[in-house]
Amino acid sequence: MTNLELANVSVRARGKALLQDVSLRVNQGEFVALLGPNGAGKTTLLRAALGLLPATGDVLLDGQPVREMPGRERAAKLAWLPQQSAAAEPLSVLEQVTAARYRFHETHHAAEAGALAALNAAGAAQFAERYVNELSGGEAQRVAVAGMIAQETPLLLLDEPANHLDPAQQIELYRLVARLWREGRGVLCITHDVNMLRFVGDAAVRVVGMAEGRVRFECAYGAPELADHVSGLFNVGIEIVQAGADRLLVPSGRPA
Amino acid sequence: MKTRVLLLCALSAAVIAASPWLGRSLEGDSGRFILENLRIPRVLMAVLVGGTLSLVGACYQTIFANPLAAPSTVGTTAGATLGALVAVVAAPALGISLANGLPMIAALAFIGALLVSLAIAAIASRGKARVNDILLAGIAISLAAGAISTGLQFSADQVQLYAAIQWTLGHLPQVGYRGLVMILPFMAICWGVLLSQTRALQTLLGGEERAHSQGVNVPWLRSLVLGVGALGVGACVAWCGPIAFIGLIVPHMVRMGVGASRRVMLPMSVVLGAGFLAACDTVARLIVPGRELPVGVVTSAIGAPLLVWLVVRQGSGRGTHKSS
């Protein structure tokens with residue numbers, strides 16, 4: 001089983017500590033939600049996990065230092081969905097998802113077949129012939145998820161995947177990510193909205209709270225103490241509202 | 001899109017095939033000599049140089065994610081020009097006549113291109129350098145090399161100055177088949193290595209960090225393209241001088257014609273670049289009766305307004321290719 005482990009990881013940039021002594025482990029088959037206010041260091045953590053940033057401490061993928069791994073070997077284990085997907089040039093959706101299979105040594109025909117399968121899995125096959133710069137936000141995000149699926153990795157890193165999407169698209173996207181998790185992948189997903197995790201639909205989802213570059217708490221999504229943790233993390237009062245079978249954590253507007 | 005690719009290939013092939021036959025009558029033995037020993041090798045040189053400059057330009061635009069990246073803007077051409085001018089000025093001082101100094105000019109042009117590209121590649125291989133930093137470093141090196149080149153021309157005598165100006169305008173020399181054989185290995189390495197990186201370059205279009213996450217070693221790719229690009233461009237500049245606009249304009253034309261997919265765009269840049277330079281050289285041979293213009297003048301005269309037109313067209317939202 002593939003795993004990603006960050007042990008006592010710190011990242012500094014221009015004299016500022018972005019991550020301080022962070023330890024976190026994600027195993028294949030686990031869903032870990034990373035929660036925290038802006039500037040908490042969540043994106044920095046994902047970038048350090050990918051080997052994009054120099055960090056002190058250990059960032060290990062299956063026990064190997066991630067920055068020392070050959071690119072293709074790392075990309076066989078870890079796929080990433082950044083906050084914003086660049087579409088600087090007008091490639092077709094199929095071409096873009098095919099390019100995501102760079103890690104495979106295969107013919108173009110095989111790469112296209114893999115990309116089409118990934119587009120199908122993401123429910124985005126109907127966009128295959130369209131240009132990436134002509135897609136709506138929701139469509140583009142679905143195509144970006146297809147790119148991750150095309151990489152065929154056991155671990156997925158997602159950076160606020162539902163950012164800038166309307167509520168229906170957010171729900172659809174979280175359900176898609178939940179499906180990828182249930183198929184056996186490990187997921188580390190940054191989110192601002194803990195309530196979206198109800199669409200993952202499992203109380204066992206692990207929630208990790210971060211602020212000021214440090215891990216502040218770690219508990220199960222279904223744990224009763226989650227509301228207090230979230231309240232402390234965002235420094236805002238939280239009310240628990242029961243909506244049918246769902247428990248919602250709603251900011252009350254009062255101080256924590 | 002297949003139709004467009006075939007049309008562009010046919011157009012390029014037609015231009016290349018027709019070029020040696022255009023111009024002064026080719027009747028008799030002298031006509032046959034001109035055709036076989038002067039014009040055909042010259043057109044073949046245009047094919048090699050045009051294809052190389054366009055391919056390198058298309059690759060530079062990809063690795064820098066910048067449509068203004070080209071051998072001339074990242075400093076490769078300026079380095080080669082400076083090296084050649086050093087040779088032009090130094091040759092008489094060393095007792096070498098300019099007529100016999102071509103190997104020295106070629107060698108120093110190549111060394112100049114290589115040194116500048118290695119400097120840029122060294123900056124690129126430091127993972128921290130951002131794309132724009134590298135491009136700015138290239139522009140700074142170009143400006144510095146240009147200033148030194150101007151200083152060298154200022155200190156040269158009349159004969160040296162004429163040779164220097166003629167060389168810096170860019171021309172396709174009468175090198176014959178021997179020259180072609182000499183330049184061919186450089187071009188073969190350049191084309192082979194760059195075209196073998198098509199998948200990595202296509203993946204890079206999604207952004208540098210995204211490409212890293214998908215397995216591309218971005219600093220290594222950038223250094224490889226710059227190093228091999230220097231080899232190709234250095235060889236072109238050494239033989240022909242700095243021929244402007246090919247590496248900048250042809251990739252834009254190809255992108256508009258057949259789309260941005262590097263799988264098609266890179267080989268088509270070779271095809272169209274070859275045809276474009278062959279056409280420009282034919283115009284340079286024929287436009288002024290009785291004498292030849294340097295081909296660099298023709299490529300600039302066509303390339304500059306074409307670039308402005310392309311920029312305006314893209315700015316108005318009509319530059320995006322739609323599949324046909």
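Order of the sequence lines fixes the chain letters, A, B, ..., with proteins taken first and strands second; residue numbering starts at 1 for each chain. Only a predicted model underlies this, so the values are computations on that prediction, with no experimental measurement involved. Values below: all heavy atoms of this structure, side chains included; hydrogens, waters and symmetry mates excluded.
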Worksheet entry | Residues of residues 102-119 of chain A contacting chain B, heavy-atom criterion under 4.5 Å, by residue number |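 From residues 102-119 of chain A, the residues near chain B are A/Y102, A/R103, A/F104, A/H105, A/E106, A/H108.
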
Worksheet entry | Residue-level contacts of residues 61-79 of chain A with chain B, using a heavy-atom cutoff under 4.5 Å |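 The stretch touches chain B at A/G71, A/R72, A/R74, A/A75, A/L78.
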
Worksheet entry | Pick from A/L91, A/T153, A/T98 with the largest number of heavy-atom pairs that fall under 4.5 Å of chain B |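 It is A/L91.
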
Worksheet item: Looking at side-chain heavy atoms only, is the closest gap between B/H212 and A/R47 below 4.5 Å?
Response: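 No, too far: nothing below the 4.5 Å cut-off.
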
Worksheet item: When only heavy atoms count and the cut-off is under 4.5 Å, which of residues 191-202 of chain B reach chain A?
Response: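 The list, in residue order, reads B/R199, B/A200, B/Q202.
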
Worksheet item: If you measure from CD on A/E89 to CE on B/M265, what distance do you get to the nearest 0.5 Å?
Response: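 Here the interatomic distance stands at 6.5 Å.
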
Worksheet item: What salt bridge (Lys or Arg N to Asp or Glu O under 4.0 Å) pairs are there with at least one residue in residues 49-72 of chain B, not counting sequence neighbours?
Response: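 Those involving residues 49-72 of chain B do not exist here.
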
Discussion item. Can you tell me which of B/V216, B/L204, B/N217 forms the most heavy-atom pairs within a distance under 4.5 Å of chain A?
Written reply: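 Max contact count across the listed options: B/V216.
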
Practice prompt. Apply the test side chain to side chain contact (heavy atoms under 4.5 Å, CB included) to residues A/E95 and B/R263: give CA-CA distance (whole Å), side-chain angles for both, the deciding distance (0.1 Å), then the verdict.
Written response: CA-CA 9 Å; A/E95 284 165 346; B/R263 235 183 104 241; over 6 Å; no

